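Here the structure comes first, spelled out in structure tokens, and everything after it is commentary.
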Amino acid sequence: MTSVFKHKWRVALATVALGSIGMSGQVFAQTITQSGLTISNTATVSYSVASIPQTPIPAVATFKVDTVINQSVTGSNSYTVTPGQANVVAVFTVANTSNVDSGFTLAATNRPQPAEDDFDMLVPGSSTPGYSVFVDGNGNGTYEAGTDTATSIGTLLADIATNGPAPPSVKVFVVADTPSSAANAKSALVRLTATAVLPTTSTAWTPTGVGTADDPNVVEIVVRNGVVFAQDTFNVASAALSVTKTSKVISDPFLGVSVNAKSIPGAVVEYTITVSNAAGAQTATLTSISDPVPANTAFTGGQYAGATDVGVKVGAAAEVFCTASGSDSDGCSVTAGAVTVGSPAITTIAANTSIVVRFRVTID
Amino acid sequence: MFKGLKFIGAIAVIACAFGAPAFAQSQSACAVDLKTTGEIEKEVVNAQGEKTKVLSPADKVIPGTEVIWTVTATNGCKKPADKPVINNPVPEHMTLVPGSVVGAGSDISYSVDGKTFGAIDKLTVTQDGATRPARAEDIRHIRWEFRNSLQPGASAFGRFRAVLN
């Protein structure tokens with residue numbers, strides 16, 4: 001701020017109104033003053049000489065408001081994904097808090113493992129680590145493929161009062177596929193970096209007049225926050241199911257029910273199917289557990305208490321028994337040579353619990 | 001209102017006001033000289049390695065920059081200037097920093113409308129039909145009323161800080 005900013009004026013006119021500058025149009029929103037505006041400070045001294053009032057003397061100093069480049073990127077959202085889930089979307093908000101219109105280029109990147117996260121998300125429809133980035137073109141806050149196609153922000157208006165009380169902003173969608181290898185409870189970080197650019201050339205703003213005093217007549221550029229990032233998190237939520245199956249001979253035609261019964265024709269064999277969900281996993285919804293009756297055997301009902309056909313034990317609850325008739329609603333049936341257990345006998349399987357199903361067959 | 005006025009050079013002196021009827025002009029062809037300066041405070045490390053603050057010409061002025069405005073009246077006449085009063089509206093798009101107004105030997109008063117002057121805590125603002133105490137951003141005028149006459153060759157100054165909105 002040199003020359004004019006320090007000028008003193010002595011004027012030769014008396015028709016100087018006192019104290020009428022800067023009276024109206026003051027806006028005290030959180031917006032900032034527009035780049036390039038001329039700020040004028042006018043002081044006036046009045047006095048008398050020998051009891052005679054003299055012409056008030058004004059003095060003016062002016063400067064032009066310099067350009068400041070500032071922006072914010074807001075993220076810190078978490079999203080739950082399942083392994084193999086395609087086109088998952090993370091939402092960021094980019095706001096222009098500059099006192100000038102600005103464009104923004106955008107880049108979404110994975111973060112390094114194992115320092116920051118567990119795995120990389122993939123560019124949609126590919127096996128390449130990375131992301132697609134799209135700007136919310138119609139401003140509805142929801143990603144719409146084919147509608148939100150721009151990959152950079154052309155112009156966000158300046159954060160000045162005439163553009164509304166809040167900094168002009170737009171949502172940015174970062175889209176990716178979840179690798180099918182992503183394991184339960186693992187996470188992937190995505191970083192969206194926005195770079196403020198000149199709307200006309202899409203090149204980054206460059207500071208001007210660095211290291212020199214202000215020129216009050218020139219709008220210089222101060223780049224306060226030209227490159228800003230924020231991160232979102234994709235958390236994998238998956239069940240970790242395992243299934244085991246064992247068999248045991250209950251009885252044979254010679255020994256009857258005996259621990260020594262052999263698997264000979266006419267013997268009764270019990271199959272036990274155990275479905276487990278690992279500790280720390282998500283609760284899984286089980287549609288059904290189905291097991292084909294093995295060849296050369298015949299499903300044998302009425303083996304359990306109350307002439308029931310299938311035993312079902314869910315977690316720590318007491319075992320319940322159901323009938324294999326498909327006409328009732330207990331969830332157990334035998335059709336087309338397969339034993340099927342579904343709702344209501346089984347519905348979900350929580351983490352760190354098992355469902356045990358057992359039934360019996362007779363060897364042909 | 002300053003359109004058409006011409007100033008010459010950095011220290012333009014157009015001597016002698018010719019008076020409007022309301023202001024009878026004395027016979028002597030001289031006037032008090034008024035100068036206004038905008039600066040910022042910079043932190044520097046002095047020879048002893050201590051951090052101190054000095055006034056320097058403003059670096060870039062962007063929203064949030066605090067500008068220190070100094071207005072200096074110097075009596076270039078051969079007669080004392082009596083009852084000198086400096087009025088300074090807070091520049092548009094700037095907000096007065098509370099407690100920043102100084103002026104040795106003067107009584108300082110403020111105004112929100114340029115008509116009623118007084119201490120800040122005595123001023124009120126009517127907003128949405130209700131009256132509330134004035135806040136710093138409501139203050140639009142500062143007035144220094146110097147208690148003593150300004151002797152020939154002497155200077156008086158007032159200073160305030162304002163932040164660019």
Side-chain angles (χ1 to χ4, degrees), chain A residues 1-23 25-28 31-33 35 37 39-61 63-68 99 209 213-214 216 220-222 224, chain B residues 1-2 5 7 10-20 22-26 28 31-39 56-64 69 71 73 77 79-95 111 113-114 137 140-141 150 158 164-165:
Chain A
M1 219 168 277
T2 53
S3 61
V4 169
F5 204 46
K6 282 183 167 175
H7 284 169
K8 60 179 180 178
W9 283 27
R10 184 180 284 183
V11 296
L13 288 184
T15 54
V16 176
L18 290 175
S20 62
I21 294 174
M23 285 296 297
Q26 289 292 318
V27 178
F28 294 110
T31 53
I32 53 178
T33 307
S35 164
L37 246 152
I39 301 296
S40 178
N41 183 26
T42 304
T44 308
V45 62
S46 55
Y47 60 100
S48 300
V49 173
S51 300
I52 302 169
Q54 302 295 299
T55 303
I57 305 294
V60 181
F63 65 87
K64 279 187 157 57
V65 176
D66 292 317
T67 297
V68 62
N99 62 354
D214 189 59
E220 290 156 307
I221 298 170
V222 176
R224 176 69 52 83
Chain B
M1 74 189 76
F2 297 112
L5 286 182
F7 75 90
I11 307 173
V13 177
I14 302 168
C16 254
F18 35 86
F23 300 102
Q25 180 62 45
S26 67
S28 64
V32 167
D33 176 47
L34 191 68
K35 185 173 84 165
T36 184
T37 310
E39 294 166 301
S56 71
D59 202 347
K60 311 299 171 272
V61 184
I62 58 176
W69 293 103
V71 52
C77 303
K79 291 182 176 176
D82 301 327
K83 298 177 188 170
V85 176
I86 295 174
N87 275 287
N88 198 152
V90 177
E92 202 174 351
H93 300 291
M94 299 194 86
T95 302
S111 176
D113 58 4
E137 67 263 28
R140 302 314 305 164
H141 293 263
L150 197 55
L164 182 62
N165 296 330

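When reading the values below, keep in mind they use all heavy atoms of this one structure, side chains included, and skip hydrogens, waters and symmetry mates. Keep in mind that what you see is a predicted model, and the values were worked out from it rather than measured. In what follows, every chain begins at residue 1, and chains take the letters A, B, ... in the order their sequences are listed.
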Set of side chain to side chain contact (heavy atoms under 4.5 Å, CB included) partners for B:Val85, sequence neighbours left out = A:Ser46, B:Asn87, B:Arg143, B:Glu145
Look at A:Thr67, A:Val45, A:Leu37 and state which one has the largest set of heavy-atom pairs under 4.5 Å with chain B.
-> A:Val45
Could you tell me which portion of A:Asn99 (side chain, backbone, both or neither) has an atom closer than 4.5 angstrom to a non-hydrogen atom of chain B?
-> side chain
Separation between CD (B:Glu92) and CG (A:Asn41), nearest 0.5 Å, reads 12.0 Å
Does any heavy atom of chain A fall under 4.5 Å from the side chain of B:Ala73, the backbone, both, or neither of them?
-> side chain
Chain B contact via A:Val222 - side chain, backbone, both or neither, heavy atoms under 4.5 Å = side chain
Rounded to the nearest 0.5 Å, what's the gap from CD1 on A:Ile57 to CG on B:Asp33? Could you check?
-> 8.5 Å
List for me each residue that meets side-chain hydrogen bond (donor to acceptor under 3.5 Å, both in side chains) alongside A:Thr33, sequence neighbours excluded, and say none if there are none.
-> none
